[in-house]
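So the structure is just underneath, and the comments pick up after that.
Chain naming here is simple, since letters A, B, ... match the order of the sequence lines and numbering starts at 1 in each. Because the structure is predicted, anything quoted here is derived from the model rather than measured.
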Amino acid sequence: MNEMRPGRGSSALLQAGVALGIGMGGFVAGIVFHQILQIHSLLSGWYPPTTVSDIEFNMVWDGLFHAFTWLMTLIGVVLLFRAGQGRETTQCGRTLSGGGLLGRGLYNLVEGVIDHHILGVHHVVERLGTSVWDFVFLGSGVLFIAVGIALVRGAPRPERRTLAHGH
Amino acid sequence: MEHDRNRTPAPLGLRADRARRRFVLRAAWAVFGVACALPLRAAHACTICHDDAAVVLRAMLLEQDPLINFAALAAPVPLLIASVVATRWLAPWIIGGRAR
């Protein structure tokens, strides 16, 4: 089966990159926006953190959000490990980092559309409500996806970089 | 060893395997549809209440709706998981024709 699908190592690496990108995208959003800048929490649109109990409540749901991003990163690590075991896997940083950016962009797009615009569970800058920053967030998602795809397409051809497994 | 479909009918085992794959694929799409729709619908229903309900009712809802909150947390997850799975299928296009 493997010999019929040249380049599936690149696909596996790309998939691992996308999963890692989604997980890391969640971590960046959680750490930078929720904790360092404190401009929103996961449910701050529904439960404005104006009292200590509301802040505690938001902290719990931020923790569950981080648990999801941790799981997604774990899936990415497992996929990367499995990709590394494949005979045709290419050691290509561009494919992995491009996949990561692609995943990051997908995270921004999906999370932005569903959480910011459809459900309104939070907005990028909560005190402003729906603002230009929500659209900047979506735009950054599109940009990440475009740059990610460009990076992957610009990667060296896999046959030159194939790992030597006992060859 | 791939079966040559132009010459002989596919062996029974291979046909069964194809049928099983088709069934799994269809079931996966059905599960994906439900997985996408349910949390989104549940959480969206909550936004209606949160927008329209009286203050007292809203306060009550805010205190007692962990399932709705979990639905909101879970709403983007099926699409994100699906995008990871779909990467394998879209890889030939993303990579630019090198992976088939």
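Annotation: the span from Thr87(B) atom OG1 to Leu106(A) atom CG amounts to 7.0 Å, rounded to 0.5 Å. A distance of 11.0 Å separates OG1 of Thr95(A) from CD1 of Ile94(B), quoted to the nearest 0.5 Å.
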Problem set entry | Worked verdict on Leu64(A) versus Asn69(B) for side-chain contact (heavy atoms from CB on, under 4.5 Å) | CA-CA 11 Å; Leu64(A) 290 170; Asn69(B) 295 332; over 6 Å; no
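Listed in order of number, the residues of residues 15-26 of chain A that approach chain B to under 4.5 Å between heavy atoms are Gln15(A), Val18(A), Ala19(A), Ile22(A). Among the residues in residues 123-138 of chain A, none has a non-hydrogen atom closer than 4.5 angstrom to a non-hydrogen atom of chain B.
The shortest heavy-atom contact between Ile68(B) and Trp46(A) is CG2-CZ3, 3.9 Å. Smallest separation of non-hydrogen atoms from Ala72(B) and Val121(A): CB-CG1, 3.6 Å. The two residues Ala75(B) and Leu119(A) have their closest heavy-atom pair at CB-CD1, 3.9 Å. Here the shortest heavy-atom pairing between Leu80(B) and Tyr107(A) reads CD2-CA, 3.8 Å.
If you measure heavy-atom distances from Leu43(A) to chain B, the contacts under 4.5 Å come from the side chain alone. Using a 4.5 Å cut-off between heavy atoms, Leu109(A) does not touch chain B at all. Only the side chain of Phe68(A) comes within less than 4.5 Å of a heavy atom of chain B; its backbone N, CA, C and O stay farther away.
With sequence neighbours excluded, the residues that form a ring-ring contact (aromatic ring centres under 6.0 Å, His included) with Phe33(A) are His40(A). Every residue two or more places apart in sequence or in another chain that forms a side-chain contact (heavy atoms from CB on, under 4.5 Å) with Asp62(A) is listed here: His34(A), Ser41(A), Leu42(A).
The main-chain N or O of Trp93(B) is found under 3.5 Å from a side-chain atom of Arg153(A) such that the two form a donor-acceptor pair.
The shortest distance between side-chain heavy atoms of Met72(A) and Val84(B) falls below 4.5 Å.
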